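Below: the structure, in C-alpha cells.
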Amino acid sequence: MFKTLVSTSLRQATGIRTTPAGFGAARRFYHEKVIDHYENPRNMGSLDKNDPTVGTGLVGAPACGDVMRLQIKVDDAGNITDVKFKTFGCGSAIASSSYITERVRGMSLDDAMKIKNTEIAKELCLPPVKLHCSMLAEDAIKSAIKDFRKKRGGEVIHSEGAKPTAAQALA
Amino acid sequence: MAQHTATAAAPETLPKKRKTCWHCQQESDPASVFCSNNKCGAIQPVGPTTTYFDVLVGGRRTFDVDMGELRRVFLKLQQGVHPDSYSQKEDIERTLAETQSSWINRGYATLRDPLHRAHYLLKLAGRKINEEDKITDPELLMEVMELREEIEMAQSEEQMAAIKRRNDSSIEHVVRELAAAFGQDDLDRARQLTNHFQYLRRVSQAIQNWEPGKSVDIGN
C-alpha cells in the first residue's frame, strides 16, 4: 500500500531524501493529518469536463512526476457547489488536494482564488521539503477557476460587490 | 602507495586549473582520481568542480554516452579505489578511497541511466529542474493522467502488458529526441523532454507496482 517508488539509484544520484519503503516508515514521515487525507481522500473523482458549469485545473510537478487534477462546479451566483480531485503523487500532494476540495466547497470563486498554499501547508503540518505540494494544490484551484472563467468567455462571475483582485486580473 | 591507474580524462580535455597533490606536493590534474605525477599516483580527493563526465567519460558533457565504454572505465576505476585495497594504508588514503568509491558509484548510476543523465546535464548547464517547478502543458498532463487512470483501472496482465509496450515505446522516442536536443544544445527542448521522461518513468514504476485491485501509490 505505502510504497516508495523512487529507486535507490535515483536517491543516490539526486541526494533526495526519501522515506524508506514500508508502511511504518511512511507513517512516521507523514503527519497524521496527511495520512488521514491519504487514507480517506475527500471528494476524489471527476466531473464532466465538457459541462459549461465545470472548470478543470490540471497541473504537474515534473521533478517528482506528480500530476493533479482539480474540478469545480459553479452555480450562477459564482459559488462552488461541487468539487472533485484526482492526484497521482506523494502523500502530501494527495492530502493537499484532498484538503483544498473540502476548503473550497461552498465558497465564492473570489474567495477560493485567495487561498494560499501556506494555509494548506499549515493545516497539514507539511515539512519545508513538501511545501511545493501545497503550492501545486493552490495552482490547481486557480487553474480550475481560470478554466471556468475562460469557458464563460470573459463573463465575470464573482460575488456581488466584490472587485476583481490583482490575482484575478493576472489569472 | 596506490598503483597509478589511468583516468578517463583525455589530455586535450584536461581542465586548465591545477591542484597540488596532498602527497607529493606537485601539481596534478584536479579531475584525476590519482595523482597524475607518475612517481606518486596517490589517490586524490574529489575536486569541488569535478563532474562525473570528467572522470567517467573523458570530460565530454554529452547525452550520447557509450555504455560499454562507460562500464569499462567505471569498473577499472572502481577496482583502483576499492576501500578493501586501502585497509593497510594511512587513514587519509582510506578515507579518500571511501569517498572516491561512493562518488564513482553515484557517477556511474547517474550516467548510465538516461533520465538521471539528462537531469545531470541540465543541472551542469544551470538549467536544473527543481522540486518547486510546475508545468501546465495540457497535452502532456492529459496524456499522463489518462495513462495513470488506465493503469489504475486495468484488470488483467494483458491490459498491463499493452500499456507497458506503449509506454516503453514512448520512452524510446523521448530518449532519441533528448539525444537530438542535447546534441543541438537546445536546452529548452531538453528540459521539456526531461520533464516528459520523468512522467513516463513514473508510469513505468506504476506499471511495475501494479497488482489487480491495488490503489494509488504514496511514492517519494
Side-chain angles (χ1 to χ4, degrees), chain A residues 1-19 21 23 26-27 29-30 34-35 38-39 41 44 46 49 56-69 86-95 129-133 135-136 138-140 143 146-147, chain B residues 52 102-103 105-113 115-117 119-120 122-123 128-149 151-152 191-206 208-211 214-220:
Chain A
M1 185 173 187
F2 279 71
K3 276 224 169 272
T4 300
L5 294 177
V6 181
S7 67
T8 308
S9 55
L10 177 62
R11 274 202 297 273
Q12 286 169 345
T14 59
I16 294 170
R17 211 181 123 247
T18 53
T19 55
F23 188 81
R27 264 194 184 280
F29 186 73
Y30 288 108
V34 174
I35 303 280
Y38 174 75
E39 288 184 338
M44 197 155 78
S46 61
K49 67 174 197 283
T56 300
L58 193 56
V59 292
C64 325
D66 288 359
V67 55
M68 185 181 286
R69 184 184 63 211
K86 191 72 194 262
T87 296
F88 291 99
C90 70
S92 301
I94 291 168
V129 293
K130 290 290 177 182
L131 283 183
H132 62 277
C133 300
M135 288 180 209
L136 201 59
E138 180 191 324
D139 282 1
S143 161
K146 206 168 117 184
D147 179 61
Chain B
Y52 298 142
S102 73
W103 190 84
N105 275 335
R106 272 203 308 279
Y108 181 57
T110 304
L111 297 189
R112 73 192 292 212
D113 180 299
L115 178 59
H116 300 167
R117 190 161 71 241
H119 275 296
Y120 187 61
L122 288 173
K123 186 179 152 197
K128 185 174 185 273
I129 294 169
N130 293 302
E131 291 221 318
E132 24 345 307
D133 287 355
K134 277 170 297 233
I135 55 163
T136 50
D137 175 358
E139 212 175 305
L140 170 60
L141 291 173
M142 209 94 89
E143 177 199 335
V144 173
M145 198 44 118
E146 279 167 14
L147 262 169
R148 298 295 301 258
E149 288 186 319
I151 292 167
E152 204 177 46
R191 226 162 173 265
Q192 253 176 16
L193 289 162
T194 304
N195 283 337
H196 193 167
F197 195 176
Q198 181 74 57
Y199 277 107
L200 298 177
R201 176 64 60 84
R202 282 300 293 267
V203 170
S204 295
Q205 289 163 341
Q208 266 172 29
N209 285 281
W210 176 84
E211 280 166 30
K214 197 167 102 174
S215 83
V216 289
D217 62 70
I218 192 165
N220 61 47

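Within every chain, numbering begins at 1; the chains are lettered A, B, ... in the order of the sequence lines, protein sequences first and strands thereafter. Please read all numbers here as calculations on a predicted model, not as lab measurements. Below, all heavy atoms of this structure are taken into account, side chains as well, without hydrogens, waters or symmetry copies.
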Query raised in the report: If you tally heavy-atom pairs under 4.5 Å against chain A, which of V203(B), T136(B), N195(B), T194(B) wins?
Result: N195(B)

Requested in this report: Determine the option with the most heavy-atom pairs under 4.5 angstrom with chain A, choosing from E132(B), M142(B), Q208(B), E149(B).
Outcome: E149(B)

Query raised in the report: Measuring from N130(B):CG to H132(A):NE2, what's the distance to the nearest 0.5 Å?
Result: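 The NE2 atom of H132(A) is 10.5 Å from CG of N130(B), to the nearest 0.5 Å.
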
Requested in this report: To the nearest 0.5 Å, tell me how far E139(B) CD sits from L58(A) CG.
Outcome: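 That separation rounds to 12.0 Å.
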
Specify the closest pair of heavy atoms between [X] and [Y], including all atoms of both residues, with the distance to one decimal.
X	Y	result
A63(A)	E131(B)	CB-CA, 3.7 Å
P62(A)	K134(B)	CD-CA, 4.1 Å
V67(A)	V144(B)	CG1-CG1, 3.8 Å

Report task. Output all residues satisfying side chain to side chain contact (heavy atoms under 4.5 Å, CB included) with E143(B), sequence neighbours left out; order by chain, then residue number. Result ->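 With sequence neighbours excluded, E143(B) shows a side chain to side chain contact (heavy atoms under 4.5 Å, CB included) to L140(B), L147(B), H196(B), L200(B), given in chain and number order.
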
Report task. Between chain B and each of S143(A), A93(A), A61(A), P41(A), count heavy-atom pairs under 4.5 Å; write down the option with the most. Result ->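 Among the listed options, the one with the most contacts to chain B is A61(A).
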
Query raised in the report: Okay, side chain of R202(B), backbone of C64(A): is any donor-acceptor separation there less than 3.5 Å?
Result: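 Indeed, once roles are kept as given, a pair shorter than 3.5 Å links the two residues.
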
